[in-house]
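Comments concern the structure below.
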Amino acid sequence: MGAFINVLVVQNRSGEAVRNALEALGDNPAWNLIPGQCRYQERGGGVSVLLSDMCSGYDAMTQELSKELACPVMLCYIYDGDFWGYFFFDSGEHLDAFMPMPYYFEEMPEEEQQRVKGNSRLIAERFNVKEEDVAQYLQLWTEQDLNGNEPGYAYPDDEFSIGEDWQMADFMRAIGHPYDW
């Protein structure tokens, strides 16, 4: 079994506010959230939270936290060591999602694929970064990306190549929330 990693990126809230909200959400057994086992890092204007092992609920929990805190919240995740993605909400409203392998579980209709293709313009605006600094992360992975001998990188200074689940760390660094636990 590969890695299952979930990191919340909460904008415009303090670590204390996020801790309190996660403790309140921890009562939902469907999410397997153990707030005391989460790790927090305050960043300029927000907080990154490495969620407890076995935490689940992905988009539903992120949406609820965003609604509770009335702010933007993104969940960056690695699924079973196979791929990374994110869900992004503001005040409970779904803004964006990204999944580089929308066909991973089963064939996905084109309209659903459009829903998980990511929006680099929105990400750039919301995280105050240049769109050209995040756009290359938001691309579908091809068979070449997954099985090629020469790995390609979204950007020259990236640590992880396209097709690697840990590309999530490069993306998080690009939006100002490096994965450095």
Side-chain angles (χ1 to χ4, degrees), residues 1-11 18 22 25-26 28 30-35 37-41 43 46-66 72-89 94-106 108 112-113 115-120 122-123 126-127 129 133-148 151-155 157-181:
M1 179 166 68
F4 287 90
I5 297 173
N6 300 288
V7 180
L8 292 170
V9 175
V10 183
Q11 295 182 294
V18 174
L22 284 175
L25 290 178
N28 186 331
W31 295 333
N32 298 315
L33 176 65
I34 304 170
Q37 293 180 3
C38 297
R39 297 172 68 187
Y40 300 81
Q41 290 187 354
R43 308 278 185 198
V47 180
S48 296
V49 183
L50 178 61
L51 295 175
S52 57
D53 287 344
M54 304 308 292
C55 183
S56 58
Y58 299 120
D59 53 343
M61 184 185 65
T62 306
Q63 182 175 26
E64 189 61 32
L65 181 64
S66 174
V73 178
M74 175 182 277
L75 176 82
C76 295
Y77 64 89
I78 291 177
Y79 184 85
D80 201 16
D82 289 337
F83 65 91
W84 74 280
Y86 68 74
F87 297 102
F88 191 31
F89 296 88
H94 178 268
L95 296 180
D96 194 25
F98 174 68
M99 181 181 184
M101 298 172 59
Y103 46 81
Y104 181 82
F105 297 104
E106 60 187 30
M108 184 182 280
E112 283 296 305
Q113 288 185 36
R115 193 181 71 76
V116 296
K117 73 177 188 172
N119 182 331
S120 59
L122 175 75
I123 298 302
R126 292 302 185 112
F127 287 94
V129 297
D133 292 342
V134 295
Q136 294 302 309
Y137 295 117
L138 308 183
Q139 56 184 300
L140 295 179
W141 291 352
T142 66
E143 287 298 317
Q144 172 90 19
D145 295 329
L146 298 171
N147 301 319
Y153 293 86
Y155 297 95
D157 64 338
D158 283 348
E159 184 176 350
F160 303 98
S161 66
I162 297 166
E164 282 188 83
D165 56 347
W166 279 103
Q167 187 185 37
M168 177 188 82
D170 292 327
F171 172 77
M172 290 181 67
R173 180 179 38 83
I175 63 170
H177 290 265
Y179 184 96
D180 58 5
W181 278 277

Donor-acceptor under 3.5 Å (Q167 side chain, E164 main chain): no
Specify whether Y86 and W84 have parallel, tilted or perpendicular ring planes, treating 30° as the upper limit for parallel and 60° as the lower limit for perpendicular. tilted
If you take all heavy atoms of V134 and A174, which pair is closest and at what distance? CG1-CB, 4.0 Å
Atom pair CD1 (I175) and CD1 (I123), whose distance is rounded to the nearest 0.5 Å: 6.5 Å
More than 12 heavy atoms of other groups within 6.0 Å of E159 CD: no
Establish, yes or no, whether a centroid distance under 6.0 Å links the rings of F88 and F98. no
Is it the case that more than 12 heavy atoms not belonging to D53 sit under 6.0 Å from its CG atom? no
Quick one, V18 and L8 - any side-chain contact, counting heavy atoms below 4.5 Å? no
If you take all heavy atoms of P102 and L140, which pair is closest and at what distance? CD-CD2, 3.4 Å
Working to the nearest 0.5 angstrom, can you tell me the gap between W181 CH2 and Y40 OH? 11.0 Å
Decide yes or no for H177 and C76: does some side-chain heavy atom of the first lie under 4.5 Å from some side-chain heavy atom of the second? no
Would a 4.5 Å heavy-atom cut-off, applied to side chains only, mark D59 and F89 as touching? yes
Do F4 and S56 have side chains that approach each other closer than 4.5 Å (heavy atoms only, starting at C-beta)? no
Contacts of type salt bridge (Lys or Arg N to Asp or Glu O under 4.0 Å), residue R43, not counting sequence neighbours: D180
Distance check, rounded to the nearest 0.5 Å: T142 atom OG1 versus M101 atom CE? 10.5 Å
Which distance, rounded to the nearest 0.5 Å, do you find between the CD of Q37 and the CE of M54? 11.5 Å
Are F127 and V9 side-chain neighbours, meaning at least one heavy-atom pair lies under 4.5 Å? yes
Test your reading of the model: is there a side-chain donor-acceptor pair from D170 to the backbone of F160, 3.5 Å cut-off? yes
Indicate yes or no: at least one non-hydrogen side-chain atom of M74 is less than 4.5 angstrom from one of R126. no
Smallest separation among heavy atoms of S52 and N32, with atom names: OG-O, 3.8 Å
Taking all atoms of both residues into account, what is the closest heavy-atom pair of F87 and A97, and its distance? CD2-CB, 4.1 Å
Please examine the side chains of L50 and I5, heavy atoms only from C-beta on, and report whether any two atoms are closer than 4.5 Å. yes
Can you name the nearest heavy-atom pair linking Y179 to V7, along with the distance? CE1-CG2, 3.7 Å
Any side-chain heavy atom of L75 sitting closer than 4.5 Å to one from L65? no
Is it the case that the side chain of D80 and the backbone of D82 share a donor-acceptor pair, with hydrogens and angles ignored and the cut-off at 3.5 Å? no
Look at the side chain of N28 and the backbone N and O of L25, then say whether any donor-acceptor pair between them is shorter than 3.5 Å. no
Over all atoms of both residues, closest heavy-atom pair of L51 and L33: CD2-CD1, 4.0 Å
Ignoring hydrogens and angles, tell me if any N or O in the side chain of N6 forms a donor-acceptor pair with the backbone of Y77 under 3.5 Å. no
Spatial distance of atom OG (S66) from atom CE (M61) [nearest 0.5 Å]: 12.0 Å
Using a 3.5 Å distance criterion without hydrogens, assess whether the side chain of Y155 forms a donor-acceptor pair with backbone atoms of Q136. yes
Value rounded to 0.5 Å, distance of CE in M168 from CH2 in W166: 5.0 Å
I'd like to know whether the aromatic ring centres of F105 and Y79 sit less than 6.0 Å apart in this structure. yes
